[in-house]
Amino acid sequence: MKRYDNANTYKNDIRSVVTIGTFDGVHIGHQKIIERLVAMASNTQLESVILTFFPHPRMVLQKDTGIKLINTIKERIQILERSGIDHLVVHPFTREFSRLTAQQYVEELLVKDLNIGHVIIGYDHRFGRNRNASIADLATYGMRHNFTIEEITKQDIEDVAVSSTKIRKSLEEGNVKLANSYLGYNFMLTGMVVKGRELGRTLNYPTANLYIEESYKLIPKNGVYIVQATIDNMTLFGMMNIGTNPTVGGTEQTIETHFFDVSMNLYDKCIQIELLDRIRDEKTFASVHELKAAMQDDEDYARDFINSML
């Protein structure tokens, strides 16, 4: 797969079949569209292209919206790289870009830059300044500029019964198992391991303290989770606490992971951790002794869950 940070850097004499969207989560509904895209490209000898945008339009047009996304842009690219497409265009979404008329958008971006031959798009797709153009308008432009349109119907989309909004809600409620079923893969957190308060060491549960740079990344509900990660070509399992550590006087949210049966120096290493299931809410215990006992119960539960997977 080739990647482009701007549509005007895409140059290809072979015409393209394109699908367009923000694709937050790249969930099973998105995957269904991408499968159509790849199949269409294969059957017509066109090049498959995904056109997506960053930042998210709401992050640009609605200041202080507080929107949280399922994937960072790096994670989104990583997932799309596995989809079998030929080209991924991550076009910068700016206020200036949002002011393009529908005609400018089609003629400059789709026709001139992407050499479009066919587009696969949802029935409710809107585009152009103030999102005032519809799929019917796109069909009119298609006749004018010699490209065809495949509409993904409302029924097709609803048959999948999944949306980025549903996934965000599941994660905010801590239901990662449901979110994972919608995603078709395990929800992930990616960040740098940094020094924390090192309280886990005093409890015989040393942890990797994860710092996530992207403030727009959605963090699931506070609690204890079962997790896995691949680090230095090793698959590791463990348990993660998202929360403030109230029993020991914590006030700021941290993301701390204890990996089982391994001792590694992970400081300053960028790691990606997949969340498999949730064990419980974060609680305030009457003593550190009670906290340690609860952590042992968490570990026992997590190990049983992991063993049932293997």
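By convention here, the first residue in the shown sequence is residue 1.
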**Q** Which ring pair (Phe, Tyr, Trp, His ring centres under 6.0 Å) pairs, counting each pair once, include a residue from residues 67-102, with sequence neighbours left out?
**A**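 For residues 67-102, and leaving out neighbouring residues, the ring pair (Phe, Tyr, Trp, His ring centres under 6.0 Å) pairs sorted by first residue read Tyr4-His87, Tyr10-His87, Phe53-Phe97, His91-Phe97, Phe93-Phe97.
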
**Q** Is there a donor in the side chain of Asp137 and an acceptor in the side chain of Ser134, or the other way round, less than 3.5 Å apart?
**A**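 Yes, Ser134 and Asp137 have a side-chain donor paired with an acceptor closer than 3.5 Å.
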
**Q** Name all pairs fulfilling the ring pair (Phe, Tyr, Trp, His ring centres under 6.0 Å) condition that reach into residues 234-266, sequence neighbours left out, sorted by first residue then second.
**A**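 Sorted pair list: Tyr205-His258, His258-Phe260.
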
**Q** Any ring pair (Phe, Tyr, Trp, His ring centres under 6.0 Å) involving residues 282-310? Give me the pairs, sequence neighbours left out, ordered by first then second residue.
**A**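 Every candidate ring pair (Phe, Tyr, Trp, His ring centres under 6.0 Å) pair involving residues 282-310 fails, so no pair, neighbours aside, qualifies.
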
**Q** Give the intermediate values and the outcome of salt bridge (charged side-chain N to carboxylate O under 4.0 Å, His left out) for residues Glu47 and Arg15.
**A** CA-CA 6 Å; Glu47 297 272 295; Arg15 300 190 78 186; over 6 Å; no

**Q** What residues form a side-chain contact (heavy atoms from CB on, under 4.5 Å) with Gln103, not counting sequence neighbours?
**A**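 Gln103: side-chain contact (heavy atoms from CB on, under 4.5 Å) contacts with Thr101, Glu107, Tyr141, Arg144.
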
**Q** If you link I, L, V, M, F, W and Y whenever their side-chain heavy atoms are under 4.5 Å apart, who else ends up in the same group as Val194?
**A**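 Members besides Val194, by chain and number: Met192, Tyr211.
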
**Q** Tell me if a side-chain donor or acceptor on Lys11 pairs with a main-chain N or O of Asn8 at a distance below 3.5 Å.
**A**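 Pair found, side chain donor or acceptor close to backbone of Asn8.
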
**Q** Of the options Ile242, Thr257, Thr254, Ile271, which is the one that meets Leu210 in a side chain to side chain contact (heavy atoms under 4.5 Å, CB included)?
**A**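 In the set Ile242, Thr257, Thr254, Ile271, the residue that makes a side chain to side chain contact (heavy atoms under 4.5 Å, CB included) with Leu210 is Ile271.
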
**Q** Not counting sequence neighbours, which residues clear side-chain hydrogen bond (donor to acceptor under 3.5 Å, both in side chains) with Glu75? List them please.
**A**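 Result, side-chain hydrogen bond (donor to acceptor under 3.5 Å, both in side chains) vs Glu75: Thr190, Lys217.
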
**Q** Who pairs with Thr284 by side-chain contact (heavy atoms from CB on, under 4.5 Å), at least two apart in sequence or on another chain?
**A**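 For Thr284, the residues satisfying side-chain contact (heavy atoms from CB on, under 4.5 Å) (neighbours in sequence not counted) are Pro246, Thr247.
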
**Q** Enumerate the residue pairs fulfilling salt bridge (Lys or Arg N to Asp or Glu O under 4.0 Å) with a member in residues 225-247, sequence neighbours excluded, ordered by first and then second residue.
**A**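 Sorted result for residues 225-247: Asp232-Lys269.
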
**Q** If the condition is side-chain contact (heavy atoms from CB on, under 4.5 Å), which residues does Ser308 pass it with, not counting sequence neighbours?
**A**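 Partners of Ser308 under the side-chain contact (heavy atoms from CB on, under 4.5 Å) test: none.
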
**Q** With sequence neighbours excluded, tell me which residues meet side-chain contact (heavy atoms from CB on, under 4.5 Å) with Asp261.
**A**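 side-chain contact (heavy atoms from CB on, under 4.5 Å) list for Asp261, sorted by chain: Arg303.
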
**Q** Excluding sequence neighbours, so at least two apart, what forms ring-ring contact (aromatic ring centres under 6.0 Å, His included) with Tyr225?
**A**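 Once residues adjacent in sequence are excluded, Tyr225 has no partner under the ring-ring contact (aromatic ring centres under 6.0 Å, His included) criterion.
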
**Q** Check this for me: Glu213, atom CD, are more than 12 non-hydrogen atoms of other residues, nucleotides or ligands nearer than 6.0 Å?
**A**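 It does not: Glu213 CD has 12 such atoms or fewer within range.
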
**Q** Tell me if a side-chain donor or acceptor on Asn175 pairs with a main-chain N or O of Leu178 at a distance below 3.5 Å.
**A**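 Such a contact is found between Asn175 side chain and Leu178 backbone.
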
**Q** Is the CG atom of Asn307 crowded by more than 12 outside heavy atoms at less than 6.0 Å?
**A**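 Buried by this count: over 12 neighbours within 6.0 Å.
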
**Q** Does Leu275 offer a backbone N or O that forms a donor-acceptor pair with the side chain of Asn180 under 3.5 Å?
**A**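 Looks like yes, one N/O pair under 3.5 Å.
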
**Q** Is the backbone N or O of Thr244 less than 3.5 Å from a side-chain atom of Glu282, with the two atoms forming a donor-acceptor pair by type?
**A**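 Indeed, once roles are kept as given, a pair shorter than 3.5 Å links the two residues.
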
**Q** Between Phe23 and His30, is the ring centroid distance below 6.0 Å?
**A**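 When the ring centroids of Phe23 and His30 are compared, they turn out to be within the sub-6.0 Å range.
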
**Q** Applying salt bridge (charged side-chain N to carboxylate O under 4.0 Å, His left out) to Lys283 and Asp281, what does each step give before you reach the verdict?
**A** CA-CA 6 Å; Lys283 300 176 182 177; Asp281 287 339; over 6 Å; no

**Q** Please list, chain by chain and in numerical order, all residues satisfying side-chain hydrogen bond (donor to acceptor under 3.5 Å, both in side chains) with Asp86, sequence neighbours excluded.
**A**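 By the side-chain hydrogen bond (donor to acceptor under 3.5 Å, both in side chains) rule, Asp86 matches Ser48.
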
**Q** Looking at Val89, is its backbone amide N or carbonyl O close enough to the side chain of Arg3 to form a donor-acceptor pair, meaning the two atoms are under 3.5 Å apart?
**A**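 Absent.
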
